[in-house]
Amino acid sequence: MADRGFDVRRQTGFTTIALACFVLLYLPIILLVIYSFNAGASIAIWEGFSWRWYQSAWANEQVQEATVRSLIIAVWASGISTSVAVLAALATTRTPRFRGQSAVFAMINQPLMVPEIVTAVALLIFFAMIKVATGYTGLFYLIIAHSAFCIPFAYLPVRARLQGMDLSLEQAAADLYASPFQVFRRITLPQLWPGILAGAMLAFVISLDDVVITEFVKSAGQDTLPTYMLGQLRRVVTPEINAISTVLLGISVTMVIAFTVLSKIRN
Amino acid sequence: MADLSDTAARRASRVRWMLLAPALTILLLAASGPLLITLVYSFLTPGAYGGVEWQLSFDAWFNVIMQRDIFDETLGWSDAHLSIFWRSVKLSLLTTVACVFFGFPTAYFIATRPKKQRDLWMLLIIIPFWTNLLIRTFAVVELIRNEGTVNSVLIALGIIDEPIQMLFTEFSIVLGMVYVYLPLMVLPLYASMERLDFSLIEAGYDLYATRLQVLRRIILPLVKPGLIAGSILVFVPSLGAYVTPRVMGGGNQLMIGNLIELQFGQGRNWPLGAALSITLLAVVMIALLAYVRAAGNEEVRHG
Amino acid sequence: MSIAISARNLKKVYPGQPPVTALANASIDIPDNEFFTLLGPSGCGKTTLLRLIAGFEHPTSGSLDMFGQNLLDAPPHKRPVNTVFQSYALFPHLTVAQNIGFGLEMLGKPKSEIRATVDEMMALVKMTEMADRQTSQISGGQQQRVALARALAPRPRVLLLDEPLSALDFKLRKDMQLELKRLQTETGITFIFVTHDQEEALTMSDRIAVMNAGEIRQIGGPRDIYDHPAERFVADFIGDTNFLPAAILSTEGQSAKVRLASGQTVSARLPARDAPAGKVTLAIRPEHATFTSEADGLVTGTLAQVVYFGTDTHFHITLDDGTAFVLRRQNSSDTGPGHSQGDRVGIQFAPDVAQVLKD
């Protein structure tokens, strides 16, 4: 039986637009994934199912190198940014308010506020100076650049968790003869790990997906997967790109869902 | 008598800065420090093959909006730059408006679902947000290019004979930016709508308001902070967009981000690129400050 | 009898604009094996004093000794005091037994000793069956017992309790009041108990310090504090009190002859220190006053309202000078002649039940 009552929550046309929105949000992604399995070379005409493009991407040496490089950078960047972010989060939540606090917050959140292109050219300029001065052109530049812009993403979930924690738990432990380090290891850390893991995963995804800063900072022959793809877009596009994208999408979606689950864990 | 709590405070301060040191060092090396150097570069002379000559010059800042005619040396507005600025602002505003048009009903739709479903709907908004921006842009490209899905379907259906040129237009840039930045509109809007007290809406209907009046007179004022936040969160990255106009604009429809890049590539004018970067940064900071102030006022009013 | 805690001129000021004085100038001696209560409204500084003893806050000035040894140089984890927190602060990732054993573990006690003490503590608070439960799986009252056992397990010389009963419902609170008193007697540990509930303070304590606005206003046994409040704040905060204006005519030891507004004279008790002179205020508890005829009354007035409370009845009287006065009478099968609204009444009270206040 249809509900003929007056629904106060309803607004004319809103549901239609909202559902259209969800469809439009996912349609391109779904098509992209579907065509990665296309047997033909087209990204618009379906010619049957095949793993062909995954095999060709897998066999592509440039893709292999870019993948390894992306993973190396993402692992280092998420590891470094999460470690320093945990320390910074402890400093800003477990000591009293201090002079310079807003400056510290501004610095930590700078990568979120400054447009990526601005950071990218700033790094290009700065690292160009260092490259000339030292002659070193290795991966370190990319790792430290990624570490820097990953810090706020690792910092925010850890800080949120620290702030949500009952301070009296740590006081109770100190009251029961635990030294500051024991308090951290036995009380704070066990409750903090979902936040740390969430932050590390977020940082990993952010690093893995970065295009702009990597594009400006990388030395010759240092393509990551996204910059490799950006370069390929200028040429004739084959479903190989779709296949690479699908794998990257899979990693991101897994991480985001895991992140959401982790942030929901209470106590 | 010395304050006994001083010793404790000093110890806390030492521990705090020790804990902050690693993070601040990295940020100084790869975020704040380089920005300051960029500022310095904007006052230098461009080198012949990129880079700079260490010679003070205000040309870069002058060239941001002005130019000297190469033939008769007369001063004039830099039409090329101004038209790129204008396009950046126009497309960013269009993107923001389109995001409001799609985002507002979407956020409202999610906020009015049963409590248990809301997180799931929100997850559907968040997932695309955390997936690779390049891939999402690329997904839209595949959809709208001349031999892409939309044109293929339309031709197969006999509606059109020739593919419609959608890619490499201003329309495609806006479409791409709406697509990638829409979650930034929905998130804050949803946050303020979720707290909406629906008895207020019932009271509105009780006092003879129509649906449209309820929307305009009750819902809109209550979710205004979320609307402002969402608009700024969309406008700011749109203005500094680089990937989307590069992929969607095909090199003809430049925005500020691409103009900046050009100075470090073909243009070989690093100081001008630096000056343009600082200009963009300043505009973004003003927008963010306006946002912080608006958000602050709201908090005071509700607190 | 040794002194467990000795505080001298403790002061705690929080910096800020303007600075907030949480504790103005507190000096106090708490003997060993005493159930001592800090009582006062919220913001009076009682919790600050407790946290200074525990070491979670550092005083701006003053000294704090425990059994003659300076306590202020030691961080919280080196002070032989334990705290029962208002929120209990049970570690959510540890079981009941692990919570109780935490302090002993931190002190590096051998496993066998920890197990024995934990068993003993769980028996003491009747939680033995719950040993392996998660703390989220037990009731509020049980959490309270675990928090208590956890704080008692390392055998502190002083136990600090920060409003530990405030989260419990009425009946549980009554049970725990008796339980706490029993535990204190059995263990012989000095309890310092913080509460804003005057009834809790009166039923459990050996001695009470009443605090207001960062200062200790009066220290004494429960009877002492209730029957002989030294000043208006104490009289008002603890129980119901009538205030009557009076003038001191003469004093003799702890007793003073005072004249009431009605012109009648009566003897009243003087505060132990800083006795005032001239115009003063008298405090009389509602249950200490009785009805008499209008002619015999120390003060007289009109009965404005009669409120029936089951066990007793409250009579609201407007005195002739306009002051409000409440008289409380216990109900029994032969309550005697009834009084009804509008009646003219006289009120009397025995010599020395009225207390002269300091202010």
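Predicted, not measured: the structure shown is a model, and the values here were computed from it. Here is the naming used below: chain letters follow the sequence lines, and residue numbers restart at 1 for every chain.
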Please classify the contact of [X] with chain A as side chain, backbone, both or neither, using a heavy-atom distance under 4.5 Å.
X        : value
B/Met285 : side chain
B/Leu124 : both
B/Tyr179 : both
B/Trp121 : both
B/Phe129 : neither
B/Tyr242 : side chain
B/Leu24  : both
B/Ile110 : side chain
B/Asn151 : neither
B/Trp270 : side chain
B/Glu261 : both

Name the option with the most non-hydrogen atom pairs under 4.5 Å to chain A; the candidates are [options].
options                                : answer
B/Val247, B/Thr131, B/Ile201, B/Thr137 : B/Thr131
B/Leu281, B/Val236, B/Leu215, B/Leu123 : B/Leu215
B/Arg246, B/Glu147, B/Met18            : B/Arg246
B/Ala107, B/Gly103, B/Pro128           : B/Pro128

Would you say the side chain of [Y] lies within less than 4.5 Å of the side chain of [X], judging by non-hydrogen atoms?
X        : Y        : answer
A/Cys21  : B/Leu182 : yes
A/Ser245 : B/Phe138 : yes
B/Ile135 : A/Ile244 : no
A/Arg94  : B/Val15  : no
B/Ile126 : A/Val256 : yes
B/Phe109 : A/Thr16  : no
B/Leu134 : A/Leu230 : yes

Quick one: which of [options] has the most heavy-atom pairs under 4.5 Å with chain B, could you say?
options                      : answer
A/Ala122, A/Pro180, A/Ala148 : A/Ala122
A/Thr119, A/Ile29, A/Val205  : A/Ile29
A/Leu25, A/Val211, A/Leu248  : A/Leu25
A/Thr246, A/Asn242, A/Leu24  : A/Asn242
A/Ile241, A/Thr15, A/Ile117  : A/Ile117

Side chain, backbone, both or neither: which part of [X] has an atom under 4.5 Å from a heavy atom of chain B?
X        : value
A/Leu123 : both
A/Ile108 : both
A/Ile80  : side chain
A/Leu202 : side chain
A/Phe216 : side chain
A/Pro226 : both
A/Met129 : side chain
A/Thr92  : side chain
A/Ile206 : side chain

Minimum heavy-atom separation for [X] to [Y], with atom names?
X        : Y        : result
B/Asn132 : A/Asp209 : N-OD2, 3.1 Å
B/Leu143 : A/Pro28  : CD2-CG, 4.0 Å
B/Trp130 : A/Ser252 : O-CB, 3.8 Å
A/Leu87  : B/Pro22  : CD1-CG, 4.0 Å
A/Arg99  : B/Trp17  : O-CZ2, 4.0 Å
A/Ile125 : B/Ala274 : CD1-CB, 4.4 Å

Step-by-step side-chain contact (heavy atoms from CB on, under 4.5 Å) determination, B/Val214 to A/Gln11:
CA-CA 9 Å; B/Val214 163; A/Gln11 280 291 336; 4.3 Å; yes

When rounded to the nearest 0.5 angstrom, what distance separates [atom1] in [X] from [atom2] in [Y]?
X        : Y        : atom1 : atom2 : result
B/Leu288 : A/Met113 : CG    : CE    : 7.0 Å
A/Phe14  : B/Thr106 : CZ    : OG1   : 9.5 Å
B/Arg16  : A/Phe98  : CZ    : CZ    : 5.0 Å

Start with the C-alpha gap between B/Leu20 and A/Val104, add the side-chain angles, then the distance that decides, and say whether side-chain contact (heavy atoms from CB on, under 4.5 Å) holds.
CA-CA 9 Å; B/Leu20 281 173; A/Val104 167; 3.9 Å; yes

Under the salt bridge (charged side-chain N to carboxylate O under 4.0 Å, His left out) test, which residues partner A/Glu116, sequence neighbours left out?
none

Does B/Phe101 CZ have over 12 foreign heavy atoms under 6.0 Å away?
no

Pick from A/Leu32, A/Leu31, A/Ile34, A/Leu27: which one makes a side chain to side chain contact (heavy atoms under 4.5 Å, CB included) with B/Thr149?
A/Leu31

Identify every side-chain donor-acceptor pair in residues 25-36 of chain B under 3.5 Å, counting partners at least two apart or on other chains, and give the distances.
from: B/Thr25; atom 1: OG1; to: B/Ala21; atom 2: O; distance (Å): 2.6
from: B/Ser32; atom 1: OG; to: A/Gln110; atom 2: OE1; distance (Å): 2.7

